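Following: one structure in structure tokens, then a few remarks.
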Amino acid sequence: MTTRSAESPELVALLAGRRVAVLTGAGMSTDSGIPDYRGPDSPPSNPMTIRQFTSDPVFRQRYWARNHVGWRHMHDTLPNAGHRSLAALEDSGVVTGVITQNVDLLHTKAGSQNVINLHGTYAQVVCLSCAHTMSRAALAEQLEALNPGFVERAEAIGGLAVAPDADAVITDTASFRYLDCPRCAGMLKPDIVYFGENVPKDTVAQAYSLLDQSEALLVAGSSLTVFSGYRFVRHAAALKIPVAIINRGPTRGDDLATVKVDGGCSELLTLLATELTATALR
């Protein structure tokens, strides 16, 4: 069934009285000021692939320069009404947990406790050789010392656009100096699953387990174009667990959805939280 109603009684009716697992994508965070990759109003975006990052030092230099600016904006971004609504639904026992394709940590900032960061987070860096990890904030201090004034010069140009992977659009990156692993001099990379990489198997297993213990799947703000998210819709359908989708525009999972609502996450999840919390308290 597909509905385009701004107030969706079908959505409430489907999820009422059920324990709900939630899968979120980039559309969840657009109201916090982070652009979607594929939404109808998204700017053109070509995310870097893992092959580009590992094989070409010029690509790495460009990425780290842009990330050096972009991660700060993501770090300062605040959760929106949709994030807060899902945290409230978890607190009231309706939502079992959130599987998110986003790396922005906004669900955690909003107060959600059971969050599976499918694609990692912007806040950590990992060495591809020895697996040493460090915080993005610690690396930022070192990069700032190597590139004094770089952030200020980039921001002075104005109009920065920050992508969902904390990549800021900056044109002048040729002078940027980046660092290798302090332990083994290996290649450092944000602890984010790049395009062309696989989600760690234990993370996928954790997400499947959450879904197996739930009675419905709610997808919010994902086009499901990438298989890493779409697989959970297929899994739910195979288990005959009802699927509800909230998204602006079509998704790859529409044919498997019991209810599809074409709309924004913030307003619809706020409505949903009010209705489902009231139902749970009766």
Side-chain angles (χ1 to χ4, degrees), residues 1-32 34-45 47 80-83 85-86 89 94-103 106-107 116 118-119 163-164 193 195 199 204 207-208 210-212 214-273 275-276:
M1 174 200 295
T2 299
T3 176
R4 295 185 178 274
S5 171
E7 297 181 5
S8 179
E10 297 93 343
L11 186 65
V12 174
L14 179 70
L15 300 179
R18 288 188 162 102
R19 287 170 52 77
V20 183
V22 182
L23 171 67
T24 67
M28 185 78 206
S29 299
T30 53
D31 285 347
S32 292
I34 301 174
D36 195 346
Y37 276 128
R38 299 180 181 86
D41 300 319
S42 302
S45 179
N80 59 51
H83 297 105
S85 294
L86 289 180
L89 283 168
V94 175
V95 165
T96 55
V98 176
I99 305 162
T100 184
Q101 296 171 278
N102 301 336
V103 302
L106 290 178
H107 287 296
I116 299 169
L118 205 59
H119 294 160
V193 177
F195 282 79
V199 177
V204 175
Y208 277 139
L210 175 67
L211 187 50
D212 290 344
S214 304
E215 297 163 329
L217 172 64
L218 171 62
V219 179
S222 177
S223 64
L224 300 170
T225 303
V226 180
F227 183 73
S228 64
Y230 178 58
R231 75 178 94 195
F232 300 112
V233 174
R234 290 182 57 178
H235 186 71
L239 294 175
K240 301 195 183 312
I241 294 173
V243 176
I245 298 176
I246 297 170
N247 193 61
R248 291 194 188 279
T251 84
R252 187 180 178 185
D254 286 355
D255 290 345
L256 298 175
T258 312
V259 172
K260 161 70 190 300
V261 184
D262 197 306
C265 293
S266 293
E267 56 268 36
L268 284 162
L269 289 174
T270 300
L271 170 72
L272 199 59
E275 294 288 341
L276 294 184

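Along the sequence shown, residues carry numbers from 1. Because the structure is a prediction, the values reported are computed rather than measured.
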Check the surroundings of atom CZ in Arg234: do more than 12 heavy atoms from other residues, nucleotides or ligands lie under 6.0 Å from it? no
With the side chain counted from C-beta on, respond yes when Ile241 and His235 share a heavy-atom pair under 4.5 Å apart, and no when they do not. no
State, yes or no, whether a side-chain contact exists between Arg248 and Thr30 at a heavy-atom distance under 4.5 Å. no
Would you name the heavy atoms of Leu15 and Ala244 that are closest together and state the gap between them? CD2-CB, 4.4 Å
Would you check if Val95 and Leu218 make a side-chain contact, meaning some heavy-atom pair closer than 4.5 Å? no
For Asp31 and His83, does a side-chain donor sit closer than 3.5 Å to a side-chain acceptor? no
Derivation and outcome, side-chain contact (heavy atoms from CB on, under 4.5 Å), residues Leu224 and Thr251: CA-CA 6 Å; Leu224 300 170; Thr251 84; 3.7 Å; yes
Minimal non-hydrogen separation, Leu211 against Ala21, with atom names: CD1-CB, 4.2 Å
Do Ser228 and Val193 make a side-chain contact, defined as non-hydrogen atoms from C-beta onward lying under 4.5 Å apart? no
What distance separates Ile99 CD1 from Ser214 OG, expressed to the nearest 0.5 Å? 7.5 Å
Minimal heavy-atom distance between Ile245 and Ala257, with the atoms involved, is CD1-CB, 3.8 Å
Arg19 side, atom CZ; Leu210 side, atom CG - distance, nearest 0.5 Å: 9.0 Å
Leu256 side chain near Val243 side chain, heavy-atom distance below 4.5 Å: no
Between Ile246 and Gly263, the two heavy atoms sitting closest are CG2-O, 3.8 Å
If you apply the rule side-chain contact (heavy atoms from CB on, under 4.5 Å), what do you find for Val20 with Leu89, and how did you get there? CA-CA 9 Å; Val20 183; Leu89 283 168; over 6 Å; no
Between atom CG of Leu118 and atom OG1 of Thr24, what is the distance when rounded to the nearest 0.5 Å? 9.5 Å
Please step through side-chain contact (heavy atoms from CB on, under 4.5 Å) for the pair Leu86 and Met28, ending with a clear verdict. CA-CA 11 Å; Leu86 289 180; Met28 185 78 206; 3.8 Å; yes
Between Thr270 and Ser85, the two heavy atoms sitting closest are CA-OG, 3.3 Å
To the nearest 0.5 Å, tell me how far Leu217 CG sits from Phe232 CZ. 9.5 Å
Would you give the length of the straight line joining atom CG of Leu268 to atom CG of Asp262, rounded to the nearest 0.5 angstrom? 9.5 Å
Spacing of CG belonging to Leu14 relative to OG1 belonging to Thr258, to within rounding of 0.5 Å: 5.5 Å
Check whether any side-chain heavy atom of Leu272 lies under 4.5 Å from a side-chain heavy atom of Leu11, and answer yes or no. yes
Minimum heavy-atom distance Gly229-Leu23, with the two atoms named: O-CD2, 3.4 Å
One pair to check against side-chain contact (heavy atoms from CB on, under 4.5 Å): His119 and Asn102. What are the steps and the verdict? CA-CA 7 Å; His119 294 160; Asn102 301 336; over 6 Å; no
Side-chain donor/acceptor of Ser29 to backbone N/O of Ala26, under 3.5 Å: no
